[in-house]
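Throughout, a chain's letter reflects where its sequence line sits, starting with A, and its residues are numbered from 1.
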Number of protein chains: 2
Amino acid sequence: MSSPRKRAATIRDVAQAAKVSTATVSKFVNGGQRFTAEVEARITQAVRELGYSLNPMARGMITGRTGNVGVVILDIRNPYFTSLVSGAARVAAAAGLNLIIADAAESTSPELGVLQSLVRRVDGLVVSARLPAAAIQGVVDSGTPVVFFGRPSPYAQHASVGCDNHQAGLMLGRHLRDLGHRRITYLGFSGARWSADRERGLREAFQGVKASVRTVDAPAPSTEEGERLASSLLLSPERGDAIVAYNDLLAMGLLLEAKSLGIAVPEAVSVAAFDNIAYGRLVSPALTSVDMMGEATGELAMRRLIGAIHGQDVASQENVIPPRVVARDSTRSIVKGKHLARSA
Amino acid sequence: MSSPRKRAATIRDVAQAAKVSTATVSKFVNGGQRFTAEVEARITQAVRELGYSLNPMARGMITGRTGNVGVVILDIRNPYFTSLVSGAARVAAAAGLNLIIADAAESTSPELGVLQSLVRRVDGLVVSARLPAAAIQGVVDSGTPVVFFGRPSPYAQHASVGCDNHQAGLMLGRHLRDLGHRRITYLGFSGARWSADRERGLREAFQGVKASVRTVDAPAPSTEEGERLASSLLLSPERGDAIVAYNDLLAMGLLLEAKSLGIAVPEAVSVAAFDNIAYGRLVSPALTSVDMMGEATGELAMRRLIGAIHGQDVASQENVIPPRVVARDSTRSIVKGKHLARSA
DNA sequence: TTGTAAGCGTTATCAA
DNA sequence: TTGATAACGCTTACAA
């Protein structure tokens, strides 16, 4: 019906049709100033008749604002990041901001072009603290308002929102310790700085008790890697009482393959991980996990970013979100003479 | 180290430092024209020293290009959409385009402001064909290049990329028919137009054989609804041989609750669904599903959109992607005297 | 090969 | 209450 690619109406067209100046139209449509009823009616009508909507780029040139915010994550297919984006998107939408997502997994060198180009197209950035240091440095140097997610923070002068990875590891470690586990295998992912923090917390939980924590490294934090590593991990004499994985995806791969190998979880070995993605409760046994609060992290990070854009000092605000251990069926007590009940 | 919020260098700063005109700088940095080695060297040096990067909004005002493309989906947390975004993001990044995602689930009235504002900020849009008609009409009327995903297509004059839902339903129906199933319950989601197409295909598969297909409607296509509806569905005398769900999330909720109810899948009843999200193979029994090729859809849709932006007639190109039935453990043959082997 | 200058559509300042 | 007008940073004829 409508002719496509028609030249869009400009503020001048509206001004002419309403017989006022462009300045008047601008002030009125931005709600900044009231005019006589008659003038307002003429402008309103002209806007409707011409289907006028302002050109964000032209406005941006003057105001310096793009109306966009960016979120830089590592893999959109990982449900932890998806939750985070979901939370961030909600807050951004409520603030009238468009969300540009940059999936660093898709770019071979995220420190280069992609981020630099993004910086000029947004009013601020929510960035994974797990990004390569060079990439982070580039963003920080640009002077763009930036909020990180993931703790501990890489840059003290910038806000970093989320659960503390060390604390999360500590909590899960204590949980396993209280269940009676003493020989732990940590299936880490050294590609992520967070992994070392989680491991440190895990080890700390067993200080003072006679226990061993052994670490194995996964080449990628994926379900597929979990499956691939399962046999060497589960059949090893060093396996221990419990396996803790860097994230739920690895653990879910482990659980799947454990079934093929005929190894009963949690009877033979407990399995637990981090993130508490939505699918952990659907596998069997349901996966014990530390909820890293992805959605809440995304929400708070975006709220902080909006604060930073408005000039607030958000780095000194409360940016820590407490993690929660969600105990499910993949871990069980092996304390002598005591079996904790567990339900799905 | 660097002073933040410093006024960014402009093309004029570069021109002045390199002792050339702004036109020369513009032509050179855009790679459109070569100059004497000495001039090029001076410009290159000035760009580096001043840390110059061009202002995309200023360029956009002239060229009419934003450098952004949008993807409008219904729920970022649904892995089908996540896969789609992932595919689209890859292609967009390769083309040097930024990806703006709009999650229609987050906006109360997607037909209003959100989309209209988005249209002016992008060079084109990949839009869910499942969006409300009013929202789609708004986008189409704007004249922005647009490619839909999901078939059949809502607008013949625009490309619509993806698997045909009717065909997918037909394929799954035939699969179940061949396994010997005759009494089917379809757990649909009437909130999505696609559901009726899948159902139609499903019914078509049983034409000519003595069979019954009964439909139940879910209020939302989520795991939680699957759980909630499980008992009424699974314990009903009308349950039949097989339950087909509108999507994997519903089916996975069903599978989870079936366990609590003590109903064996697939021994007592087969369960199958659509989408083939990555988590379907991790639950037990592993879920039979029709792969709706989310990632390939996202890739092709974005490729078509880029074509449309360049003025190609992409509606007449090949935009159909064949779906694939992925048989797993949640369906089994009940043909007399014949048990099909099935492996994970 | 290089430069001049006219816009692009908006906002903001200042004047009326 | 309303209007002229100068930016904003860039591209692109066209001129030299």
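Side-chain proximity of T10(B) to the nucleotides dT2(D), dG9(D), dT11(D) is greatest for dG9(D). When distances run from any side-chain atom of I62(A) to the nucleotides dC8(C), dA7(D), dT1(D), the shortest one goes to dA7(D). The side chain of T22(A) lies closest to dT5(D), out of dT5(D), dG3(D), dG3(C). Side-chain atoms of V20(A) lie closest to dG3(D) of the nucleotides dC10(D), dC8(D), dG3(D). Side chain of A23(A), nearest nucleotide from dA4(D), dT2(C), dT1(D): dA4(D). Comparing dT2(D), dC8(C), dT11(C) by their closest approach to the side chain of V39(A) singles out dT2(D). Among the nucleotides dG3(C), dT11(D), dG9(D), the one closest to the side chain of N55(B) is dG9(D).
At the heavy-atom level, Y52(B) lies under 4.0 Å from the strands shown only through sugar-phosphate atoms. When heavy atoms are screened at a 4.0 angstrom cut-off, R12(B) is found touching base atoms of the nucleic acid.
Dashed line: the shortest gap from a side-chain N or O of T63(A) to OP1 or OP2 of dT10(C) is not under 4.0 Å. Applying the 4.0 Å criterion to OP1 and OP2 of dT11(D), one finds that S26(B) has a side-chain N or O inside that range. At the phosphate of dG3(C), OP1 or OP2 sits under 4.0 Å from a side-chain N or O atom of S21(B).
Comparing M61(B) and T36(B) along DNA chain C, the residue whose closest nucleotide (by nearest heavy atom) sits nearer the 5' end is T36(B).
Residue pairs meeting the side chain to side chain donor-acceptor pair (under 3.5 Å) criterion with at least one partner in residues 62-71 of chain A, sequence neighbours excluded, are T66(A)-D123(A).
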